[in-house]
Amino acid sequence: MAFVVKKTISGNDYYYLNENKRVDGKVKTKTIAYLGKVKKDAKKKAEEIIRKMNKVKKKKIIQIEQVGKLGKVNISIDDMTSFCKRKGFVFRSGDIYGGFSGFWDFGPVGVEMKNNLKKLWWDYHVKNRDDVVGIDGAIITHPKVWKASGHVESFNDVLVICKKCKKPNKADKNEIGKIKCDCGGDYDWDNLKNIEQMFKTTVGLDTLAYLRPETAQLIFTNFKFVYNTSRLKLPFGIAQIGKSFRNEIAPRDFLFRLREFEQMEIEYFSDPNEKCPYKFGKSWILVYSEEMQKKNKEPVKMKFKEIYEKKIIKTDWHAYWLEQEFMWFVSLGANPDNFRIRQHVSEEKSHYALDTWDLEYNFPFGWKELQGMANRTNFDLRQHQENSNVNLQIMNNKGQKILPHVVAEPSQGVERAMLVFLFDSYYYDKKRNNVVLKLHPQLAPIKAAVFPIVKRKEFEKIAVDIIKDLRKDWNVVYDKSGSIGRRYSRNDEIGTPYCITIDEDSMKNNNVTIRDRNTTKQIKVKISNLKNILRKLIDEEIKFEKAGKLISTRIK
Ligand code: GAP
């Protein structure tokens, strides 16, 4: 909302056009234009500017409308930050003290979504496979682990200062001397600084220790114990989900680059001479190899099988796991067109990697690493064997003792995955006039909201009984405040896939109405069948229209 304000400075009046905007939940006032010293002229000018602004706003809305009834909206990372705060997904950590850069807290719906995401990752990668088991290692471990892994020596970031805006920034190894600051200024490449990325702490009185910068090392140090206790045979994987910490020079882009984050990692071990026994799927993806990057060629869309057969990815294991990871995102509703795989150029590879491919996502701020996947060979097991003097060899399938290779290390940040699902599910419905977060039902923080259509004791009793029953299996809410339309929109915005309403028909015929978030279609089902139907809907075993009797209602 824009408005004219008068400022009196040294007895003279000056007119300005100001606007109030909500940023991160706070109303902030911004001056849009200086309108001069004469009140009459200032008013005229203001009207002209407001007219132009409204035209632009209308254009934006028309763009949304043209995409369809439920329009896909591509919002900026700042808009996503505000949305997540407004709806209770994510808050700046320590916000009441001004926030703490690189640290974020998860709110009531954010923590539910994050827990769902981690569970779905674990089910796909561990529970539903015979060849992967999990561990949960300590955040602080023996400091010698980080010496042996090479982190103490080489886990550094290069800090560079912009000559123009003086802001510090992080430069990747392959970017040194080649990039410019966002402000357009040149970096001072003659004065680079190496910054240690591991957070230090003391244990007991004065023992130096580190907060782990990756979960992976705990998998290597426990490798032999897991092998001895799990009756596993090569090839096999060990998975872990947990917190990691990195003292990033320039944390930025909301949940993208954090100082405290969670990783979901697998170290997949094999005898490097054994072939991958699993078949490739049928998915297509954009491929951006080192050669394409160095010859300034565009990425090409290919099938994973073809990518391996043409030796663009050198090993079958690496190509297989990249496809598995891509398919996980797509199976949960992510848009496949927003993904590509990019090979690390030699200058950017980590100290342990023979070959690395990133699964990248087209974020609003460009193509960026979503998941890293290195072929770490047996670098880590070798290092720990040498430094600990403990034999970490195991038998291969020919009865020979070997130190197996990590043929692929799918390493995914939980928060980056969450961003992908939030961006890809962010839609706007012009008719409903609200955001519709089309999250996959299994990812959705709340699976169903139950409402009595009006406040009547008899309806409320049925609603409470339904809630009690559904709560045994899912996170569901009981919502009886506000108009029915307001309750629908509130739930659309946080991605609740189904709203269940209790009305006169529930009293007479034991029916309830289920409303589908994506289409606003409604069906009637018997209360006795509700749980069973809801389960099939959440697991995508049945189409909504086939799950009950379709009805037509006034309120969508
Ligand atoms: N163990 C291998 C490893 O940690 P990485 O490429 O440094 O490899 C893997 O990290 C993934 O962890 C990244 O692809 C990203 O999803 C997540 N990640 C890494 N640093 C992060 C940060 N500062 N903030 C948020 N996520 C991060």
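Note that the structure is predicted; figures quoted are calculated from it, not measured. We use all heavy atoms of the structure for the numbers below, so side chains are in, but hydrogens, waters and symmetry mates are not. Start at 1 and go down the list; that is how both ligands and their atoms are numbered.
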Does one side chain, of Q343 or D355, offer a donor that lies under 3.5 Å from an acceptor on the other? yes

In terms of side-chain heavy atoms, does E214 have a donor or acceptor partner in S244 at a distance below 3.5 Å? no

V414 and M264: side chain to side chain contact (heavy atoms under 4.5 Å, CB included), yes or no, with the steps? CA-CA 7 Å; V414 173; M264 310 185 281; 3.4 Å; yes

How about Q217 and H384: does a side-chain donor come under 3.5 Å of a side-chain acceptor? yes

Taking any residue with a non-hydrogen atom under 4.0 angstrom from an atom of ligand 1, which ones do you get? E214, A216, R246, E248, F256, R257, L258, F261, Q263, E265, Y352, E369, L370, Q371, G372, R376, E409, S411, Q412, G413, R416

Which word best sums up how the rings of F269 and F223 line up, parallel for under 30°, tilted for 30 to 60°, or perpendicular for over 60°? tilted

Looking only at the side chains, is there a donor atom on one of D79 and Y426 sitting less than 3.5 Å from an acceptor on the other? no

